[in-house]
Protein chains: 2
Amino acid sequence: MKCCEMKGYLTYLILWIIGKNSMNGAEIGRELEKRRGTKPSPGTIYPALKELKKKGLIEIDENKNYSLTPEGKKELKSSCKFFCNIFYDMEEMSDFCE
Amino acid sequence: MKCCEMKGYLTYLILWIIGKNSMNGAEIGRELEKRRGTKPSPGTIYPALKELKKKGLIEIDENKNYSLTPEGKKELKSSCKFFCNIFYDMEEMSDFCE
DNA sequence: TAGTATATATCGGATAACCAATACTACACA
DNA sequence: TGTGTAGTATTGGTTATCCGATATATACTA
(Lines give C-alpha, C1' and ligand atoms only; values in the text may rest on other atoms or scores of the structure.)
Protein backbone atom coordinates (compact mmCIF):
# COMPACT_ATOMS: atom_id res chain seq x y z
CA MET A 1 0.00 0.00 0.00
CA LYS A 2 2.81 2.39 -0.85
CA CYS A 3 0.81 4.29 -3.41
CA CYS A 4 -2.68 5.51 -2.73
CA GLU A 5 -2.47 5.30 1.03
CA MET A 6 -5.42 7.59 1.24
CA LYS A 7 -4.38 9.65 4.17
CA GLY A 8 -6.83 12.31 5.06
CA TYR A 9 -9.98 10.34 5.69
CA LEU A 10 -9.28 9.94 9.40
CA THR A 11 -11.03 13.02 10.74
CA TYR A 12 -14.04 12.31 8.62
CA LEU A 13 -14.10 8.71 9.77
CA ILE A 14 -13.95 9.73 13.41
CA LEU A 15 -16.97 11.96 12.94
CA TRP A 16 -18.77 9.15 11.16
CA ILE A 17 -17.94 6.59 13.82
CA ILE A 18 -18.91 8.81 16.73
CA GLY A 19 -22.08 9.72 14.88
CA LYS A 20 -23.14 6.09 14.97
CA ASN A 21 -22.21 5.47 18.61
CA SER A 22 -20.63 7.79 21.11
CA MET A 23 -17.54 6.18 22.58
CA ASN A 24 -14.23 6.90 24.25
CA GLY A 25 -10.85 7.36 22.61
CA ALA A 26 -9.71 3.78 23.02
CA GLU A 27 -12.88 2.44 21.47
CA ILE A 28 -12.50 4.79 18.54
CA GLY A 29 -8.98 3.47 18.11
CA ARG A 30 -10.20 -0.11 17.99
CA GLU A 31 -12.92 0.75 15.53
CA LEU A 32 -10.36 2.42 13.26
CA GLU A 33 -8.13 -0.61 13.57
CA LYS A 34 -10.91 -2.83 12.29
CA ARG A 35 -11.30 -0.68 9.23
CA ARG A 36 -7.71 0.18 8.34
CA GLY A 37 -5.95 -2.93 9.55
CA THR A 38 -3.55 -0.97 11.73
CA LYS A 39 -4.28 0.76 14.97
CA PRO A 40 -3.65 4.50 14.93
CA SER A 41 -1.13 5.59 17.55
CA PRO A 42 -2.26 7.76 20.47
CA GLY A 43 -0.36 10.59 18.84
CA THR A 44 -2.74 10.32 15.93
CA ILE A 45 -6.07 9.95 17.59
CA TYR A 46 -5.95 12.30 20.55
CA PRO A 47 -4.74 15.35 18.66
CA ALA A 48 -7.45 14.65 16.11
CA LEU A 49 -10.08 14.51 18.83
CA LYS A 50 -8.71 17.65 20.40
CA GLU A 51 -8.93 19.48 17.12
CA LEU A 52 -12.50 18.36 16.52
CA LYS A 53 -13.44 19.46 20.01
CA LYS A 54 -11.76 22.81 19.51
CA LYS A 55 -13.83 23.28 16.39
CA GLY A 56 -16.96 22.55 18.37
CA LEU A 57 -17.85 19.47 16.39
CA ILE A 58 -17.60 16.95 19.20
CA GLU A 59 -18.00 17.09 22.97
CA ILE A 60 -16.80 14.93 25.80
CA ASP A 61 -18.73 13.91 28.91
CA GLU A 62 -17.52 13.08 32.41
CA ASN A 63 -16.85 9.47 31.38
CA LYS A 64 -14.61 10.63 28.51
CA ASN A 65 -17.17 9.59 25.97
CA TYR A 66 -17.08 11.54 22.78
CA SER A 67 -20.23 12.46 20.90
CA LEU A 68 -21.24 14.84 18.13
CA THR A 69 -22.48 18.32 18.87
CA PRO A 70 -25.31 19.73 16.74
CA GLU A 71 -22.63 21.48 14.71
CA GLY A 72 -20.79 18.21 14.39
CA LYS A 73 -23.89 16.60 12.98
CA LYS A 74 -24.21 19.34 10.42
CA GLU A 75 -20.56 19.04 9.51
CA LEU A 76 -20.84 15.28 9.22
CA LYS A 77 -23.79 15.59 6.91
CA SER A 78 -22.02 18.09 4.72
CA SER A 79 -18.82 16.04 4.64
CA CYS A 80 -20.84 12.98 3.87
CA LYS A 81 -22.40 14.69 0.88
CA PHE A 82 -18.98 15.73 -0.27
CA PHE A 83 -17.72 12.20 0.12
CA CYS A 84 -20.65 10.66 -1.71
CA ASN A 85 -20.25 13.12 -4.54
CA ILE A 86 -16.59 12.29 -4.98
CA PHE A 87 -17.26 8.58 -4.81
CA TYR A 88 -20.64 8.57 -6.49
CA ASP A 89 -19.74 5.28 -8.16
CA MET A 90 -18.62 3.48 -5.03
CA GLU A 91 -20.92 0.54 -5.66
CA GLU A 92 -18.81 -0.15 -8.72
CA MET A 93 -15.78 -0.11 -6.47
CA SER A 94 -17.37 -2.66 -4.16
CA ASP A 95 -18.11 -4.87 -7.12
CA PHE A 96 -14.65 -4.37 -8.52
CA CYS A 97 -12.88 -5.82 -5.49
CA GLU A 98 -15.31 -8.74 -5.35
CA MET B 1 -15.43 22.25 4.13
CA LYS B 2 -12.70 23.41 6.47
CA CYS B 3 -12.70 20.25 8.50
CA CYS B 4 -12.60 16.84 6.92
CA GLU B 5 -11.24 17.96 3.60
CA MET B 6 -10.18 14.45 2.92
CA LYS B 7 -6.95 15.05 1.18
CA GLY B 8 -5.20 11.94 0.08
CA TYR B 9 -7.77 10.29 -2.08
CA LEU B 10 -6.59 12.01 -5.27
CA THR B 11 -4.05 9.49 -6.46
CA TYR B 12 -6.45 6.68 -5.81
CA LEU B 13 -9.19 8.51 -7.69
CA ILE B 14 -6.94 9.06 -10.67
CA LEU B 15 -6.21 5.36 -10.86
CA TRP B 16 -9.89 4.61 -10.56
CA ILE B 17 -10.87 7.11 -13.26
CA ILE B 18 -8.22 5.98 -15.70
CA GLY B 19 -9.19 2.41 -15.01
CA LYS B 20 -12.66 3.12 -16.32
CA ASN B 21 -11.55 5.08 -19.40
CA SER B 22 -8.10 6.01 -20.52
CA MET B 23 -7.90 9.75 -21.08
CA ASN B 24 -5.52 12.71 -21.19
CA GLY B 25 -4.56 15.04 -18.35
CA ALA B 26 -7.11 17.70 -19.10
CA GLU B 27 -9.92 15.18 -19.22
CA ILE B 28 -8.84 13.74 -15.90
CA GLY B 29 -8.94 17.27 -14.51
CA ARG B 30 -12.50 17.78 -15.70
CA GLU B 31 -13.57 14.44 -14.29
CA LEU B 32 -12.11 15.37 -10.92
CA GLU B 33 -13.85 18.72 -11.08
CA LYS B 34 -17.19 16.97 -11.48
CA ARG B 35 -16.55 14.94 -8.38
CA ARG B 36 -14.96 17.45 -6.06
CA GLY B 37 -16.61 20.64 -7.21
CA THR B 38 -13.29 22.37 -7.79
CA LYS B 39 -10.84 21.76 -10.58
CA PRO B 40 -7.42 20.65 -9.43
CA SER B 41 -4.66 22.97 -10.58
CA PRO B 42 -2.14 21.78 -13.16
CA GLY B 43 0.38 21.79 -10.35
CA THR B 44 -1.68 19.09 -8.69
CA ILE B 45 -2.54 16.81 -11.51
CA TYR B 46 0.62 16.60 -13.59
CA PRO B 47 2.97 15.85 -10.72
CA ALA B 48 0.51 13.19 -9.59
CA LEU B 49 0.49 11.62 -13.04
CA LYS B 50 4.25 11.82 -13.20
CA GLU B 51 4.55 10.02 -9.90
CA LEU B 52 2.15 7.28 -10.94
CA LYS B 53 4.06 6.84 -14.16
CA LYS B 54 7.33 6.70 -12.30
CA LYS B 55 5.90 3.94 -10.16
CA GLY B 56 4.95 2.03 -13.27
CA LEU B 57 1.25 2.14 -12.55
CA ILE B 58 0.18 4.13 -15.58
CA GLU B 59 1.53 4.63 -19.07
CA ILE B 60 1.10 7.30 -21.68
CA ASP B 61 0.67 6.85 -25.43
CA GLU B 62 1.62 9.11 -28.30
CA ASN B 63 -1.63 11.06 -27.95
CA LYS B 64 -0.90 11.76 -24.27
CA ASN B 65 -3.59 9.39 -23.20
CA TYR B 66 -3.03 7.81 -19.84
CA SER B 67 -3.98 4.23 -19.11
CA LEU B 68 -3.28 1.64 -16.44
CA THR B 69 -0.41 -0.78 -16.75
CA PRO B 70 -0.93 -4.35 -15.54
CA GLU B 71 0.76 -3.30 -12.31
CA GLY B 72 -1.56 -0.34 -12.11
CA LYS B 73 -4.52 -2.65 -12.36
CA LYS B 74 -3.19 -4.75 -9.54
CA GLU B 75 -2.54 -1.69 -7.42
CA LEU B 76 -6.00 -0.35 -8.15
CA LYS B 77 -7.57 -3.59 -7.07
CA SER B 78 -5.60 -3.69 -3.85
CA SER B 79 -6.32 -0.04 -3.08
CA CYS B 80 -9.94 -0.63 -3.85
CA LYS B 81 -10.09 -3.43 -1.34
CA PHE B 82 -8.45 -1.20 1.22
CA PHE B 83 -10.95 1.53 0.50
CA CYS B 84 -13.94 -0.78 0.72
CA ASN B 85 -12.72 -2.17 4.00
CA ILE B 86 -12.36 1.26 5.54
CA PHE B 87 -15.73 2.33 4.25
CA TYR B 88 -17.50 -0.98 4.56
CA ASP B 89 -20.66 0.86 5.59
CA MET B 90 -20.69 3.32 2.74
CA GLU B 91 -24.26 2.52 1.77
CA GLU B 92 -25.26 3.94 5.12
CA MET B 93 -23.34 7.06 4.22
CA SER B 94 -25.23 7.35 0.95
CA ASP B 95 -28.50 7.00 2.81
CA PHE B 96 -27.41 9.44 5.46
CA CYS B 97 -26.94 12.32 3.02
CA GLU B 98 -30.27 11.53 1.33
C1' DT C 1 1.88 35.24 -40.12
C1' DA C 2 0.04 36.61 -35.77
C1' DG C 3 -3.10 35.71 -32.27
C1' DT C 4 -5.88 32.93 -29.18
C1' DA C 5 -7.18 28.89 -26.68
C1' DT C 6 -6.14 24.53 -24.82
C1' DA C 7 -3.05 21.22 -22.92
C1' DT C 8 1.24 19.92 -20.67
C1' DA C 9 4.76 20.60 -17.39
C1' DT C 10 7.87 22.35 -13.52
C1' DC C 11 9.07 24.73 -9.28
C1' DG C 12 8.78 26.34 -4.64
C1' DG C 13 6.24 26.36 -0.82
C1' DA C 14 2.28 25.82 2.65
C1' DT C 15 -0.05 22.89 5.48
C1' DA C 16 -2.56 18.95 6.71
C1' DA C 17 -2.06 14.35 8.27
C1' DC C 18 0.01 11.28 10.79
C1' DC C 19 3.29 8.83 13.87
C1' DA C 20 6.83 7.43 17.62
C1' DA C 21 8.19 8.33 21.96
C1' DT C 22 7.03 9.66 26.24
C1' DA C 23 4.42 10.77 30.31
C1' DC C 24 0.48 11.16 33.08
C1' DT C 25 -3.99 9.39 35.20
C1' DA C 26 -7.30 6.14 37.01
C1' DC C 27 -8.54 2.02 38.59
C1' DA C 28 -8.24 -2.88 40.06
C1' DC C 29 -6.34 -6.02 43.08
C1' DA C 30 -3.00 -8.40 45.93
C1' DT D 1 0.72 0.28 50.06
C1' DG D 2 2.61 -1.16 45.90
C1' DT D 3 2.08 -3.12 41.21
C1' DG D 4 0.09 -3.72 36.87
C1' DT D 5 -3.04 -2.52 33.16
C1' DA D 6 -5.78 0.35 30.29
C1' DG D 7 -6.86 4.74 28.91
C1' DT D 8 -5.65 9.62 28.07
C1' DA D 9 -2.70 13.14 26.54
C1' DT D 10 1.35 16.05 24.72
C1' DT D 11 5.45 16.99 22.16
C1' DG D 12 8.26 17.22 18.30
C1' DG D 13 8.85 16.00 14.31
C1' DT D 14 8.40 13.73 9.07
C1' DT D 15 6.16 13.31 5.03
C1' DA D 16 2.60 13.38 1.67
C1' DT D 17 -0.52 16.21 -0.59
C1' DC D 18 -1.85 19.82 -2.91
C1' DC D 19 -1.79 24.53 -4.84
C1' DG D 20 -0.33 29.11 -7.13
C1' DA D 21 2.56 31.01 -10.29
C1' DT D 22 4.88 30.46 -14.22
C1' DA D 23 6.55 28.55 -18.56
C1' DT D 24 6.31 25.78 -22.65
C1' DA D 25 4.00 23.21 -26.37
C1' DT D 26 0.36 22.43 -29.61
C1' DA D 27 -3.17 23.52 -32.59
C1' DC D 28 -6.71 25.99 -34.49
C1' DT D 29 -8.20 30.50 -36.63
C1' DA D 30 -8.26 35.20 -38.51
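A quick note: this is a predicted structure, and the numbers were derived from the prediction, not measured.
Taking atom NZ of Lys39(B) as the reference point, atom C1' of dA7(C) lies 10 Å away to the nearest angstrom. In this entry the distance linking CD of Glu62(A) with P of dA26(C) reads 15 Å, nearest Å. Rounding to whole angstrom units, CE of residue Met6(B) and C1' of dC18(C) are separated by 17 Å. In this structure, Glu33(A) places its CD atom 15 Å from C1' of dC19(C), rounding to the nearest Å. As rounded to whole Å, 10 Å separates atom P of dT8(D) from atom CG of Asn63(A). Rounded to whole Å, atom C1' of dT15(D) lies 16 Å from atom CG of Leu10(A). Taking atom OH of Tyr9(A) as the reference point, atom C1' of dA16(C) lies 14 Å away to the nearest angstrom.
For the side-chain contact (heavy atoms from CB on, under 4.5 Å) test, residues two or more places apart in sequence or in another chain that qualify with Pro40(A) are Leu32(A), Arg36(A), Thr44(A). With sequence neighbours left out, the side-chain contact (heavy atoms from CB on, under 4.5 Å) criterion links Lys34(A) to Glu31(A). Partners of Glu71(B) according to the salt bridge (Lys or Arg N to Asp or Glu O under 4.0 Å) rule, which considers only residues two or more places apart in sequence or in another chain, do not exist here. Taking the salt bridge (Lys or Arg N to Asp or Glu O under 4.0 Å) definition, one finds that Glu59(A) meets it with nothing, sequence neighbours left out. Residues satisfying the salt bridge (Lys or Arg N to Asp or Glu O under 4.0 Å) criterion with Lys81(B), sequence neighbours excluded, are Glu98(A). For Lys74(B), there are no side-chain contact (heavy atoms from CB on, under 4.5 Å) partners, not counting sequence neighbours.
Distances shorter than 4.0 Å separate none of the side-chain N or O atoms of Arg36(A) from OP1 or OP2 on dC18(C). Taking side-chain N and O atoms only, Lys7(B) has no distance below 4.0 Å to OP1 or OP2 of dC19(D).
Proximity of a side-chain donor or acceptor of Asp61(A) to a complementary backbone N or O of Asn63(A) within less than 3.5 Å is detected.
Residue Lys53(B) places its NZ atom among 12 or fewer non-hydrogen atoms of other residues, nucleotides or ligands, all under 6.0 Å distant.
Contacts between residues 40-53 of chain A and DNA chain D, defined by a heavy-atom separation below 4.0 Å, involve Pro42(A), Gly43(A), Tyr46(A), Pro47(A), Lys50(A), listed by number. Near DNA chain C, meaning a heavy atom under 4.0 Å from it, residues 15-30 of chain A has no residue at all.
Among the atoms of the strands shown, none is found under 4.0 Å from any heavy atom of Tyr12(B).
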For residues 13-27 of chain B, please give each side-chain donor-acceptor pair under 3.5 Å, one per line with the distance, not counting sequence neighbours.
| from | atom 1 | to | atom 2 | distance (Å) |
| --- | --- | --- | --- | --- |
| Trp16(B) | NE1 | Asp89(A) | OD2 | 2.9 |
| Lys20(B) | NZ | Asp89(A) | OD2 | 2.6 |
| Lys20(B) | NZ | Glu92(A) | OE1 | 3.3 |
| Asn24(B) | OD1 | Ala26(B) | N | 3.2 |
| Asn24(B) | OD1 | Glu27(B) | N | 2.9 |
| Glu27(B) | OE1 | Asn24(B) | N | 2.9 |

